[in-house]
Novice: 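Pasting in a structure now, in structure tokens, and then I'll have a few things to ask.
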There are 2 protein chains.
Amino acid sequence: MTSRAESAAATRRALLDAAAELLDSGGLDAVTLRAVGARAGVTRGAPYRHFPDKESLLIAVGTQAWDTLGDRMHALRADPGLSPAEKMRNGLIALIDIGRFQPHLYKLMFSNPPGDPTALARAAQRSQTEFLAVVADLVGEQDARRYAALLISSASGIAGLEASGQLADPKWGGVSAEDLTDTLVDMVAGKRSPAPATDDLPPGTP
Amino acid sequence: MTSRAESAAATRRALLDAAAELLDSGGLDAVTLRAVGARAGVTRGAPYRHFPDKESLLIAVGTQAWDTLGDRMHALRADPGLSPAEKMRNGLIALIDIGRFQPHLYKLMFSNPPGDPTALARAAQRSQTEFLAVVADLVGEQDARRYAALLISSASGIAGLEASGQLADPKWGGVSAEDLTDTLVDMVAGKRSPAPATDDLPPGTP
DNA sequence: TTGAGTCAGTTGACATCGTCATCTGAAAGC
DNA sequence: GCTTTCAGATGACGATGTCAACTGACTCAA
């Protein structure tokens with residue numbers, strides 16, 4: 001019925017899912033190898049048959065999240081119903097939404113482990129390359145690298161500030177992550193809007 | 001010579017310094033209450049006479065860093081030799097430099113503890129309020145809140161990406177944190193520069 | 001079919017960590 | 001001078017990451 005390899009793969013998947021769920025619900029402190037094992041139906045030592053380290057398990061969770069975002073970016077880029085600016089905005093919002101709804105996972109995605117500083121950066125490759133192509137469609141190849149780097153940096157910063165609750169401070173006048181993203185996209189797209197942003201979305205998705 | 005209160009205050013300071021040094025050199029994992037105590041010349045239980053919690057000690061370290069940055073922002077704002085745009089740029093670079101040279105401290109400054117989500121946000125107040133005033137000098141009161149929030153978000157994102165090593169990826173064409181900051185400042189200041197950024201700093205500090 | 005080999009999973013053990021209860025001794029106040 | 005206060009030391013406990021040894025079921029060649 002189930003071969004040994006299949007069973008092992010299923011356990012590995014269960015461990016990843018368990019770790020992701022624990023991270024979502026209880027934060028990084030809740031991700032204990034014992035808890036992960038229990039939720040996956042195995043004991044504390046079992047994860048060491050699939051990951052050399054607790055850190056490696058967490059990196060795998062972060063990599064999974066980057067891959068999922070990469071798929072979304074790819075689909076977004078291929079969507080014929082969206083303008084380049086809309087693709088750009090939606091891509092940034094997709095990243096910000098992770099920070100909004102899965103703050104612990106988001107933090108993990110941007111935390112470089114001391115072991116392999118490039119592990120998560122490699123996982124982020126596809127997402128960022130897809131986004132780079134979207135930006136190039138809007139501002140041209142020449143400036144795409146610089147603007148894409150700026151946009152991703154800014155979006156991750158917006159998500160970070162919102163995740164830490166600092167965006168809710170009244171001194172910012174109740175500005176939302178979407179407001180900031182729109183301001184940013186407008187600036188890059190060349191149509192600076194000095195008027196207060198009361199409009200949320202340019203018409204395009206009725 | 002040294003009263004009991006003075007001695008206690010000195011110990012508290014020593015604990016904070018020890019925690020900050022350990023954080024800088026070895027990351028968050030190196031900040032152990034035992035190690036902090038040892039470096040401060042006391043034993044593992046002593047920190048509990050000054051901080052209710054290890055988390056509280058870390059929050060105090062982060063608060064100290066925010067206060068220092070706040071002083072810098074204040075001095076920057078009062079500097080008569082700098083244009084508003086230069087003040088803005090220097091303020092952002094000051095934040096980015098923390099991420100560059102003290103990445104662990106930087107991460108701590110933006111990590112909201114589960115205990116009191118507003119503790120670090122309160123500490124960040126002054127820095128951000130000073131910066132808000134600088135931005136208002138450049139773009140007016142009307143848009144200052146939105147642009148200041150965007151600039152701080154972006155700068156923290158730039159610092160975060162650089163701290164995680166992702167900015168060094170060749171797909172960004174070797175863009176630096178300063179390049180991105182300049183691009184951002186130029187966009188907000190209204191003079192969009194579609195040309196590649198080969199100039200680093202506008203003349204002003206001979 | 002059978003036997004050895006592989007390997008996912010279990011279990012026991014250890015060092016380290018945060019934290020608490022208790023103890024000690026010196027400074028502070030009457 | 002006596003009592004109080006409190007910074008610091010110490011012992012202990014539970015939880016955690018990790019390793020070594022063990023177990024047992026699956027795999028595969030002969």
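Lettering follows sequence order; numbering is per chain, from 1.
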Novice: What are the atom names and distances for every N/O pair under 3.5 Å that joins the protein to nucleotides 23-27 of chain D?
Specialist:
unit_1	atom_1	unit_2	atom_2	d
D:dT27	OP1	A:Arg4	N	3.4

Novice: Which is true for B:Val36 with a 4.0 Å heavy-atom rule: it touches a base, it touches only sugar-phosphate, or it touches nothing?
Specialist: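 Answer is nothing: B:Val36 stays at 4.0 Å or more from every strand.
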
Novice: With sequence neighbours excluded, tell me which residues meet ring pair (Phe, Tyr, Trp, His ring centres under 6.0 Å) with B:Phe110.
Specialist: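 For B:Phe110 the ring pair (Phe, Tyr, Trp, His ring centres under 6.0 Å) partners, ignoring immediate neighbours, are B:Trp66, B:Tyr106.
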
Novice: Using a strict heavy-atom distance below 4.0 Å, which residues from residues 40-49 of chain A are in contact with DNA chain C?
Specialist: A:Val42, A:Thr43, A:Arg44, A:Gly45, A:Ala46, A:Arg49

Novice: Once you round it to whole Å, what is the distance between P of D:dG17 and NE2 of A:His50?
Specialist: 17 Å

Novice: Salt bridge check, B:Glu130 against B:Lys87: does any charged N sit closer than 4.0 Å to a carboxylate O?
Specialist: no

Novice: Check every nucleotide of DNA chain C for an atom under 4.0 Å from a heavy-atom of chain B, then give the first and the last such nucleotide from 5' to 3'.
Specialist: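 Contact span on the strand: C:dC17 to C:dA28.
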
Novice: Distance check needed: D:dA7 P versus B:Leu15 CG, whole Å only.
Specialist: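 B:Leu15 atom CG is separated from D:dA7 atom P by 12 Å.
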
Novice: A:Arg145 side chain to B:Lys171 main-chain N or O, any donor-acceptor pair under 3.5 Å?
Specialist: yes

Novice: Just how far is it from atom CZ of A:Arg89 to atom CG of A:Asp182, taken to the nearest 0.5 Å?
Specialist: 4.0 Å

Novice: Is there a donor-acceptor pair closer than 3.5 Å between any side-chain N or O of A:Lys107 and the backbone N or O of A:Gly27?
Specialist: no

Novice: B:Asp29 CG to D:dT18 P: how many Å, rounded?
Specialist: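 Atom-to-atom, B:Asp29 to D:dT18, this comes out as 10 Å.
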
Novice: Sequence neighbours left out, what passes ring pair (Phe, Tyr, Trp, His ring centres under 6.0 Å) with A:Phe131? Give chain and number order.
Specialist: none

Novice: Considering residues at least two apart in sequence or located in another chain, which fulfil the side-chain hydrogen bond (donor to acceptor under 3.5 Å, both in side chains) criterion with A:Ser176?
Specialist: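 Checked A:Ser176 against side-chain hydrogen bond (donor to acceptor under 3.5 Å, both in side chains); matches are A:Asp179.
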
Novice: Just report the end-to-end axis angle for the helix from C:dT1-D:dA30 to C:dC30-D:dG1, five pairs per end, to 10 degrees.
Specialist: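 If I round to tens, the end axes sit 10° apart.
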
Novice: List in chain and number order the residues that pass ring pair (Phe, Tyr, Trp, His ring centres under 6.0 Å) with A:Tyr48, two or more places apart in sequence or in another chain; answer none if no residue qualifies.
Specialist: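 Once residues adjacent in sequence are excluded, A:Tyr48 has no partner under the ring pair (Phe, Tyr, Trp, His ring centres under 6.0 Å) criterion.
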
Novice: Are B:Asp17 and B:Arg39 within salt-bridge range, i.e. N to O under 4.0 Å?
Specialist: no

Novice: Just the rounded figure in Å: distance from P of D:dC6 to CZ of B:Arg12.
Specialist: 16 Å

Novice: Under the side-chain hydrogen bond (donor to acceptor under 3.5 Å, both in side chains) test, which residues partner A:Arg13, sequence neighbours left out?
Specialist: none

Novice: Output the rounded distance in Å from CZ (B:Arg34) to P (D:dA9).
Specialist: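 Distance, rounded to whole Å: 13 Å.
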
Novice: Tell me every residue that passes side-chain hydrogen bond (donor to acceptor under 3.5 Å, both in side chains) with B:Arg12, counting only those two or more places apart in sequence or in another chain.
Specialist: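 Scan of B:Arg12 (side-chain hydrogen bond (donor to acceptor under 3.5 Å, both in side chains), adjacent residues dropped) gives none.
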
Novice: B:Ala155: what forms a side-chain contact (heavy atoms from CB on, under 4.5 Å) with it, not counting sequence neighbours?
Specialist: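 Here the qualifying residues are B:Leu92, B:Leu95, B:Ile96.
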
Novice: Can you tell me which residue pairs pass the side chain to side chain donor-acceptor pair (under 3.5 Å) test with a partner in residues 148-157 of chain A, sequence neighbours excluded?
Specialist: A:Ser154-B:Ser154

